[in-house]
Amino acid sequence: MTDPDTRVAGALKRLADRAALLDAADELAHLRDRFLLPDGVVYLDGNSLGALPAAVPPAVEDAVRRQWGTDLIRSWNDNAWWDAPTRIGDAIGRLVGAAPGQVVCGDSTSVQLYNALTAAARLRPDRTLLLTDPDHFPTDQYIADAVARVLGLTVRRVPVAELPDVLAAEGHRVAVAAYGPVDYRTGELYDTAALTAAVHGAGAVVLWDLCHAAGALPVELDAIEADFAVGCGYKYLSGGPGAPAFVYVAARHQDAFDHAITGWHGHAAPFAMEGTYTPASGITRARIGTPPLLSMLALEAALTAFDGVELPELRAKSLSLTGFFLDCADILLDGLGFTVATPREPERRGSQVSLRHEHAYPMVQALTAHGFIGDMRAPDILRFGFNALYVTHRDVYGVVAELLRVTAGGEYADDRYAARATVT
Ligand SMILES: *Cc1c(COP(=O)(O)O)cnc(C)c1O
């Protein structure tokens with residue numbers, strides 16, 4: 001009989017060796033150099049705030065000093081500020097399977113949701129139901145309620161698993177189904193193609209919130225015939241804190257896109273300064289007002305981290321990382337009270353792994369204190385996000401080994417990890 005400490009030491013050694021082999025064989029390993037990651041930090045929260053791409057600081061410096069400081073107002077033309085929302089929209093479009101001319105970048109996800117959901121519901125004026133996920137990110141649920149209040153609709157919260165049955169039974173009353181491809185807490189990935197087809201089968205329109213999918217895995221908006229989508233710029237797209245979001249309006253809906261916030265940048269002739277709104281044609285009408293250009297140019301530079309990267313390759317590496325995390329957790333954390341909240345089947349897994357534990361909060365605090373950054377979501381989820389552009393298998397091994405250390409040794413129970421900060 002080997003004693004438990006020897007067994008654990010052997011398992012740690014074998015997993016560390018496997019991490020080294022997997023990293024040595026990783027053809028995307030060089031992409032990590034496109035990010036400025038601090039020494040001594042393992043960053044597994046890129047699903048909440050992406051790491052800083054190396055291309056961003058010089059782009060922001062140029063935007064501030066030359067474009068703003070020197071070229072001043074002339075930049076709207078000379079530095080192509082005016083076209084930034086559609087130009088950057090097209091760059092995001094490449095990552096979400098959208099042909100050019102269907103994505104606009106700007107504002108926050110919450111604002112884009114409000115606008116797109118309103119437009120989506122108005123495409124089905126004779127219908128009264130707006131379906132959304134009871135486990136959707138809170139802002140998505142609040143905005144569904146807000147849109148319903150203004151348009152006189154009823155929101156029904158239907159879990160994804162029940163959506164096909166509800167559509168089959170009552171689909172004729174459904175105007176819009178607003179869902180996300182990935183559950184932000186558990187990391188479960190849904191079949192967007194099948195769900196889109198089910199929504200269309202009922203004659204309704206679908207709105208996908210891509211916050212946890214864009215830049216993390218292949219999303220084929222055109223191929224699945226999605227109607228609308230929104231997503232944020234600061235998670236897997238690594239555009240920086242408060243980076244502008246984006247909205248996708250399928251080309252076939254653009255002429256009928258009747259949204260809530262009709263701003264002057266979406267006018268057919270913005271500089272005619274007319275007193276009434278005439279929508280521009282094409283995706284341009286989804287523009288609202290003056291965009292946050294510094295943030296937008298930072299996001300544009302951040303997107304160059306994807307240059308030459310094919311999403312299926314990125315997906316393969318992401319699955320290797322999350323699969324390896326599950327293996328490490330099964331072997332090292334057995335018997336310590338953790339359960340895995342993320343589906344084990346690769347096709348049902350986004351780019352994160354979530355564990356449940358009653359002491360999730362202090363455990364995540366203890367990990368952070370030692371430079372392993374994940375996050376927690378109430379009440380009991382430890383969440384680890386894997387941006388395959390910069391996360392290594394060595395990082396994965398490291399965080400699970402550290403979780404074992406702070407848990408088995410009881411360090412997480414230390415008083416200093418108990419106090420809750422505003423942002424968890
Ligand atoms: C992150 C996230 C948001 C954030 O919305 P903001 O307006 O950017 O604060 C919205 N929805 C989902 C599904 C998210 O994951």
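Atoms considered below: every heavy atom in the structure, side chains included; atoms not considered: hydrogens, waters and symmetry mates.
Counting heavy atoms from C-beta outward, V103 and I283 have side chains that stay 4.5 Å or more apart. Proximity of C105 to M296: side-chain heavy atoms (C-beta onward) are separated by under 4.5 Å at one or more points. Side chains of Q254 and Q102 form a contact here, defined as non-hydrogen atoms less than 4.5 Å apart. Contact check for T118 versus V150: no side-chain heavy atoms found under the 4.5 Å cut-off. Looking at R185 and H212, their side chains never come closer than 4.5 Å, going by heavy atoms from C-beta outward. Side-chain contact check for L31 versus V309: some heavy-atom pair is nearer than 4.5 Å. Looking at Y397 and L12, their side chains come closer than 4.5 Å, going by heavy atoms from C-beta outward. By the 4.5 Å heavy-atom criterion applied to side chains, L403 and L382 are counted as neighbours.
In summary, of the residues considered (R124, R285, R122), a salt bridge (charged side-chain N to carboxylate O under 4.0 Å, His left out) with D258 occurs for R122 alone.
Ring geometry for H265 versus W76: interplanar angle over 60°, hence perpendicular rather than tilted (30 to 60°). Ring geometry, F384 versus F325: the interplanar angle falls from 30° to 60°, so the pair is classed tilted.
The CG atom of D209 sits 4.5 Å away from the CG atom of D140 when rounded to the nearest 0.5 Å. One distance of note links CG of L167 with CD of E162; it measures 11.5 Å at 0.5 Å rounding. The CD atom of Q112 sits 8.0 Å away from the CD1 atom of I261 when rounded to the nearest 0.5 Å. To the nearest 0.5 angstrom, T154 atom OG1 is 6.0 Å from L129 atom CG. Atom CG in L221 sits 10.0 Å away from atom CH2 in W208 (nearest 0.5 Å). Note: L299 CG to L293 CG = 11.5 Å, rounded to the nearest 0.5 Å.
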Item checked: Derivation of the salt bridge (Lys or Arg N to Asp or Glu O under 4.0 Å) call for R66 and E61 -> CA-CA 8 Å; R66 183 182 63 83; E61 172 79 9; over 6 Å; no
Next item on the list: Take F257 and H259, measure what ring-ring contact (aromatic ring centres under 6.0 Å, His included) needs, and give me the verdict at the end.
Entry: CA-CA 6 Å; F257 187 68; H259 49 311; 4.7 Å; yes
Margin query: As a quick check of understanding, evaluate side chain to side chain contact (heavy atoms under 4.5 Å, CB included) for Y190 and L195, giving each step before the final call.
Written below: CA-CA 8 Å; Y190 302 113; L195 291 168; 3.9 Å; yes
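Counting only residues at least two apart or in different chains, salt bridge (Lys or Arg N to Asp or Glu O under 4.0 Å) contacts with residues 16-28 comprise K13-D17, R18-D327, D26-K317. Among pairs with a residue in residues 338-358, those fulfilling ring pair (Phe, Tyr, Trp, His ring centres under 6.0 Å) read F338-H357, H357-H359, at least two apart in sequence or across chains. For residues 142-157, the pairs satisfying salt bridge (Lys or Arg N to Asp or Glu O under 4.0 Å) are D145-R157, R156-E170, with sequence neighbours left out. Within the structure, salt bridge (Lys or Arg N to Asp or Glu O under 4.0 Å) contacts touching residues 338-348 (residues at least two apart or in different chains) are E188-R348, D330-R344, E345-R348. Among residues at least two apart or in separate chains, salt bridge (Lys or Arg N to Asp or Glu O under 4.0 Å) pairs with a member in residues 349-372 are R356-D380.
Applying the salt bridge (charged side-chain N to carboxylate O under 4.0 Å, His left out) rule to D227 yields the partners R252; only residues at least two apart in sequence or on another chain are considered. When the ring pair (Phe, Tyr, Trp, His ring centres under 6.0 Å) test is applied to Y184, the partners found at least two apart in sequence or on another chain are F137. In this structure E402 satisfies the salt bridge (charged side-chain N to carboxylate O under 4.0 Å, His left out) test together with R405, sequence neighbours excluded. For Y179, the ring pair (Phe, Tyr, Trp, His ring centres under 6.0 Å) criterion is met by no residue, not counting sequence neighbours. The ring pair (Phe, Tyr, Trp, His ring centres under 6.0 Å) search around Y417 returns none, not counting sequence neighbours. In this structure R94 satisfies the salt bridge (charged side-chain N to carboxylate O under 4.0 Å, His left out) test with no other residue, sequence neighbours excluded.
Taking all atoms of both residues into account, the shortest heavy-atom contact from L367 to V399 is CD2-O, 4.1 Å. Pairing each heavy atom of V206 with each of H200, the nearest pair is CG1-NE2, 4.3 Å. Taking both residues in full, the closest heavy atoms of L37 and Y43 are given as CD2-CB, 4.3 Å, listed atom of the first, atom of the second, then distance. Taking each heavy atom of P181 and A213 in turn, the nearest pair found is CG-CB, 4.1 Å. Pairing each heavy atom of L189 with each of G350, the nearest pair is CB-N, 3.7 Å. Taking each heavy atom of L332 and L336 in turn, the nearest pair found is O-CD1, 4.1 Å.
Residues T186 and S354 bring no donor and acceptor atom of their side chains to less than 3.5 Å of each other. D395 and T392 form a side-chain donor-acceptor contact under 3.5 Å, judged by distance and modelled atom types alone.
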Just distance, no hydrogens or angles: give the donor-acceptor pairs under 3.5 Å from side chains in residues 236-250, sequence neighbours left out.
from : atom 1 : to   : atom 2 : distance (Å)
Y236 : OH     : S351 : O      : 3.1
Y248 : OH     : D222 : OD1    : 2.8

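Annotation: cation-pi geometry satisfied between R287 and W82 (NZ/CZ under 6.0 angstrom from ring centroid, within 45° of ring axis).
Checking side-chain atoms of R34 against main-chain N and O of Y390 turns up no donor-acceptor pair under 3.5 Å. Between the S110 side chain and the I143 main chain, no donor and acceptor come within less than 3.5 Å of each other. With hydrogens and angles ignored, the 3.5 Å screen pairs no side-chain donor or acceptor of S75 with any backbone N or O of D78. Although no hydrogens or angles enter the test, the distance criterion places a donor-acceptor pair under 3.5 Å between the side chain of T196 and the main chain of T192.
The neighbour count for D307 CG, taken as heavy atoms of other residues, nucleotides or ligands under 6.0 Å away, is above 12.
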